[in-house]
Amino acid sequence: MDWIKDDLPKYPVDKVVVFVAALIPGAAALLIFQSAHPGTFAWFFALGFLGYRTKVTLIVIAAFVIGYSLSKWFGMVLGMIGGAIGGSLKVVLPSSLAVAPWRDPRWRLALSRYLGAQAPQNMELITQDIYDQKLQIINLKPAPQQASATIDLKIERIETELNDSVWSRWYAQFHAAVHTQRLGDWTRQVQHGLDLNLQTAALVILIAAIWVPAIRQWWLMLLAFGWVAACVLQFWGELVVYTKHWTINEQIKYFLEAPPL
């Protein structure tokens, strides 16, 4: 996976495609309006004080403004829903387990190479099991030594927990960056833009079908339901990827390819 690489020949293409794709839900909204009010387009094109090209231009502009507004609103709603669900899911993630992505030795080694002098000390977390085992060994020592050894063990445990939290914050930072930059690839960006606008158009059609019987065609409803279902599955898939926290391989690849800080 490329990490934010400039590709000048392709960069304008993805932006233009995503921008122009807003015409899809806008055109769907205008056609729904035409179905609800037959003759609207015929009346508009019959106006004598506007030229044909001007009329077409105005329709395209209206479709773009409407479509962009609808897709923008739909994307914001999905973002808010994803943020709310993702936040609640991350609260219950078993981050305190011994098996955690930021404790992977390969990842820590790669991150240490990338951060250089800024890298935290590589300390092994003293879990409850390890703590209990060390405490049992301390209890075998003479009584005068047990108190000081127990205090040292508790201090050591606190230090490893603080160190572990530093590693976890670095992991969370790059995990979020990897998740975001998955859409940075121009092909993914184009696909995401087209999908979002097609899904917005499908949602508009399904909602409008409640009040506009003319668009209740089986093939149109099938397509609309399909795109809405795809939206739900895609949304859930992105949410699962984000909340699973397992982006070790992508991060290691970036750390090894990028120059050290």
Side-chain angles (χ1 to χ4, degrees), residues 7 10-47 50 52-86 179-243:
D7 194 346
K10 296 176 181 178
Y11 177 79
V13 176
D14 66 334
K15 299 299 181 183
V16 170
V17 171
V18 172
F19 200 65
V20 174
L23 290 171
I24 298 174
L30 290 179
L31 291 175
I32 291 172
F33 185 80
Q34 164 65 17
S35 300
H37 303 85
T40 301
F41 282 180
W43 167 82
F44 180 74
F45 279 101
L47 295 176
L50 293 175
Y52 181 80
R53 291 184 178 179
T54 302
K55 295 171 184 176
V56 172
T57 302
L58 290 175
I59 290 177
V60 171
I61 293 175
F64 174 78
V65 172
I66 295 172
Y68 184 81
S69 301
L70 290 172
S71 62
K72 196 72 174 180
W73 174 83
F74 185 49
M76 289 175 61
V77 170
L78 287 179
M80 289 187 293
I81 295 175
I85 298 177
H179 179 76
T180 301
Q181 294 310 319
R182 279 175 173 166
L183 295 178
D185 179 71
W186 76 277
T187 56
R188 293 286 302 266
Q189 186 72 16
V190 170
Q191 179 184 352
H192 175 72
L194 291 174
D195 287 350
L196 178 63
N197 283 282
L198 285 168
Q199 292 160 2
T200 302
L203 186 63
V204 169
I205 290 172
L206 290 179
I207 294 176
I210 301 174
W211 296 281
V212 184
I215 65 173
R216 297 173 190 168
Q217 306 295 327
W218 69 269
W219 58 271
L220 186 58
M221 294 295 100
L222 182 63
L223 285 174
F225 273 115
W227 275 109
V228 171
C231 175
V232 174
L233 294 176
Q234 181 181 355
F235 174 77
W236 183 254
E238 289 290 333
L239 195 63
V240 168
V241 169
Y242 182 75
T243 55

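These numbers come from the heavy atoms of this one structure, side chains and all, not from hydrogens, waters or symmetry mates.
For Tyr68, the OH atom counts as loosely surrounded, since its 6.0 Å shell holds 12 or fewer non-hydrogen atoms of other residues, nucleotides or ligands.
Shown here are the ring pair (Phe, Tyr, Trp, His ring centres under 6.0 Å) partners of Phe45, two or more places apart in sequence or in another chain: Tyr52. In terms of the side chain to side chain contact (heavy atoms under 4.5 Å, CB included) criterion, residue partners of Leu206 (sequence neighbours excluded) are, by chain and number, Met221, Ala224, Phe225, Val228. Residues meeting the side chain to side chain contact (heavy atoms under 4.5 Å, CB included) test with Trp211, sequence neighbours left out: Ile207.
For the atom pair Leu70 CG and Lys72 NZ, the distance stands at 13.0 Å (nearest 0.5 Å). In this structure, OG on Ser71 lies 11.0 Å from CG on Leu198, to the nearest 0.5 angstrom. Gln199 CD to Leu78 CG: the interatomic distance, rounded to the nearest 0.5 Å, is 7.5 Å. For the atom pair Gln217 CD and Ile205 CD1, the distance stands at 11.5 Å (nearest 0.5 Å). Note that CZ of Phe235 is 5.5 Å distant from CD1 of Ile81, once rounded to the nearest 0.5 Å.
Listed by first and then second residue, the side chain to side chain donor-acceptor pair (under 3.5 Å) pairs involving residues 20-32 amount to none (not counting sequence neighbours).
Under the 4.5 Å side-chain criterion, counting only non-hydrogen atoms from C-beta, Phe44 is in contact with Ile59. Contact annotation: the side chain of Cys231 never approaches that of Leu203 to less than 4.5 Å [non-hydrogen atoms, C-beta and beyond].
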Would you list the atom pairs, donor with acceptor, under 3.5 Å between side chains in residues 19-36 and any protein atom, with sequence neighbours excluded?
residue	atom	partner	partner atom	Å
Gln34	OE1	Thr40	N	3.3
Gln34	OE1	Phe41	N	3.1
Ser35	OG	Leu31	O	3.0

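Between Lys55 and Leu47, the shortest heavy-atom distance links the atoms NZ-O, 2.5 Å. Residues Thr54 and Leu50 share a closest heavy-atom pair of CG2-CD2, 4.0 Å.
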